[in-house]
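These values consider heavy atoms only, across backbone and side chains, with no hydrogens, waters or symmetry-generated copies.
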Amino acid sequence: MFVNFMIIAVFASLCYWSGQKGRLETAVAAIGIKEQEDVRETAASDDGEDYIRWVDFNVSKFALSQAYEYDRDTYGTQAHIRWIDLLAWTAARTGGVFGDDRAVCGAMEELEEEIASGKELERLVKDLTGFSYYQEVYEAVLGGMVGEYEAEEPDGGADGQTDMTPKYGLKAYHPIAKGFPYTDYDDFGVSRTYGYQRNHLGHDMMGQTGTPIIAVESGYVEALGWNQYGGWRIGVRSFDRKRYYYYAHLRQGFPYQPELKEGSVVLAGDVIGYMGHTGYSTTEDTNNIDRTHLHFGMQIIFDESQKDGDGEIWIDCYQIVGFLGRNRSETARDDETKEWRRIYEIRDPAAEDYERTVDFSMYP
């Protein structure tokens with residue numbers, strides 16, 4: 001009898017804690033929000049500036065896809081919700097937990113139904129704890145990826161002419177050109193030892209030497225040249241200055257497009273460089289990385305003081321890269337120059353203050 005009683009007690013305990021798991025995860029995430037708000041208050045009291053000091057970006061590829069598709073499909077209608085707002089609402093409802101696809105769908109559908117019934121987002125989120133925090137974070141991480149743009153497309157005629165077509169949707173690109181294979185896994189935070197013990201603050205994609213590397217978002221080249229850790233690398237800053245895209249270990253001898261220089265403007269989808277395995281050396285143009293790959297990193301910047309130094313915020317962009325796989329830039333090789341170029345151009349309103357020359361060179 002006693003044994004049977006103990007079995008029942010253990011079973012009941014397991015059922016109880018299983019049911020509590022989701023609520024516990026939500027509570028822990030809520031504590032994280034409160035801690036982040038405390039950090040913001042401390043920042044304001046220390047130096048007079050109120051900005052976010054740290055971000056753990058954990059939005060799943062599934063959630064990114066669901067939110068984006070709803071945003072795109074309802075654009076221009078009364079039921080439209082920006083994907084950033086939909087993700088912020090979902091995070092506030094789930095405590096920032098995106099591991100349960102069913103819970104993610106449930107939260108998104110709840111807001112979609114409320115908006116479709118005529119309710120305003122501002123009133124729905126007025127007292128929703130965490131919404132404004134998540135909205136600011138996701139705006140910083142994803143703000144330049146979706147919007148209006150024009151895309152060059154074949155006009156369907158036999159002469160091979162193209163037209164520029166107005167669109168709304170995903171205008172950011174995967175960092176590796178279409179048709180070029182690669183392998184990857186979520187390696188953010190793993191240990192690195194060259195130079196000093198540190199964590200890996202990016203995402204590695206293994207492929208073939210010479211694979212064209214693509215500008216994810218329109219912006220300007222902020223860094224170009226040799227770094228002993230990243231080898232030949234390119235750093236592209238978004239026009240709103242919130243995102244810094246880092247492309248490292250580029251090809252020996254011919255790492256990036258010859259017209260690039262610091263200050264050059266690139267458009268999302270441009271070929272900017274080539275995959276290689278340079279780096280881990282103070283000597284320029286040295287292949288000292290064992291395996292050919294692209295190190296792709298995303299730094300988030302709320303205040304310019306965070307750009308360099310101890311306050312840097314690098315996010316795990318594995319899920320973002322997976323999501324961007326739906327939009328890969330088509331490229332073609334110039335047999336004379338041996339360079340790869342995009343086939344179809346875009347016009348990005350974010351870059352409307354900049355011009356590009358006829359031969360595709362770029363300048364601010």
Side-chain angles (χ1 to χ4, degrees), residues 57 141 173-177 180 182-217 219-238 241-264 266 268 270-301 304 306-318 320-321 324 340:
F57 184 80
V141 176
Y173 287 79
H174 190 276
I176 293 178
F180 288 85
Y182 73 94
T183 58
D184 68 342
Y185 63 94
D186 193 352
D187 57 345
F188 185 84
V190 301
S191 179
R192 291 290 187 270
T193 58
Y194 174 78
Y196 60 97
Q197 189 75 31
R198 65 196 189 283
N199 293 329
H200 185 231
L201 299 179
H203 176 55
D204 288 344
M205 289 170 274
M206 280 63 73
Q208 301 171 335
T209 298
T211 293
I213 302 305
I214 304 300
V216 169
E217 183 184 345
Y220 59 92
V221 177
E222 189 169 83
L224 188 75
W226 183 262
N227 176 286
Q228 68 166 311
Y229 301 102
W232 293 121
R233 89 288 192 237
I234 301 173
V236 176
R237 190 80 170 266
S238 62
R241 302 180 65 80
K242 296 289 188 182
R243 292 164 297 286
Y244 177 73
Y245 298 93
Y246 184 70
Y247 311 80
H249 306 314
L250 302 180
R251 183 175 61 181
Q252 184 183 48
F254 197 94
Y256 32 73
Q257 301 295 60
E259 71 270 14
L260 289 183
K261 62 182 183 297
E262 289 188 11
S264 293
V266 296
D270 283 346
V271 177
I272 56 175
Y274 301 93
M275 188 183 293
H277 54 110
T278 59
Y280 284 13
S281 175
T282 56
T283 303
E284 283 194 5
D285 211 27
T286 299
N287 280 333
N288 215 20
I289 302 292
D290 293 335
R291 190 173 181 184
T292 296
H293 71 277
L294 170 69
H295 170 100
F296 174 67
M298 281 186 67
Q299 182 184 5
I300 308 305
I301 303 162
E304 199 61 28
Q306 298 173 311
K307 178 58 179 65
D308 298 300
D310 295 336
E312 295 178 12
I313 302 174
W314 295 89
I315 64 167
D316 185 346
C317 53
Y318 175 71
I320 292 176
V321 168
L324 292 175
W340 290 81

Task: Least distance between heavy atoms, V221 atom then K261 atom - done: CB-O, 3.5 Å

TODO: Tell me, please, which residues at least two apart from Q252 pass side-chain contact (heavy atoms from CB on, under 4.5 Å).
DONE: T278, D285, N287

- [ ] Just say parallel, tilted or perpendicular for the rings of F296 and Y247, cut-offs at 30° and 60°.
- [x] tilted

- [ ] Quick one: closest heavy-atom pair of V321 and H174, and the distance?
- [x] O-CD2, 3.3 Å

- [ ] To the nearest 0.5 Å, tell me how far I301 CD1 sits from Y244 OH.
- [x] 8.5 Å

- [ ] Mind listing the closest non-hydrogen atom pair of Q208 and T292 along with its distance?
- [x] C-CG2, 3.7 Å

Open item on the list: Looking at every heavy atom in both M298 and V141, which two are closest together, and how far apart are they?
Closed with: CE-O, 3.7 Å

Task: Ionic contact status for R243 with E217, cut-off 4.0 Å - done: yes

- [ ] Working to the nearest 0.5 Å, report the span between CD1 of I234 and CD of E262.
- [x] 11.0 Å

TODO: Could you walk me through whether H249 and H293 pass the ring pair (Phe, Tyr, Trp, His ring centres under 6.0 Å) test, one step at a time?
DONE: CA-CA 7 Å; H249 306 314; H293 71 277; 4.8 Å; yes

Open item on the list: Both conditions, 6.0 Å and 45 degrees, for the charged tip of R251 above the ring of Y274: are they met here?
Closed with: yes

Open item on the list: Taking side-chain contact (heavy atoms from CB on, under 4.5 Å) as the definition, give me every residue that meets it alongside T286, ordered by chain and number, with sequence neighbours left out.
Closed with: W226, S281, T283, N288

Task: Spacing of D204 atom CG and I289 atom CD1 [to the nearest 0.5 Å] - done: 9.0 Å

TODO: Would you name the heavy atoms of V271 and P212 that are closest together and state the gap between them?
DONE: CG1-CB, 4.0 Å

- [ ] Using a 4.5 Å cut-off on heavy atoms from C-beta on, say whether the side chain of D316 contacts that of D186.
- [x] yes

Task: Sub-4.5 Å side-chain heavy-atom contact between M275 and I213 - done: yes

Open item on the list: Check the orientation of Y246 and W314. Use parallel for under 30°, tilted for 30 to 60°, and perpendicular for over 60°.
Closed with: perpendicular

Task: Non-hydrogen atoms of I214 and A177 that approach each other most closely - done: CG1-N, 3.6 Å

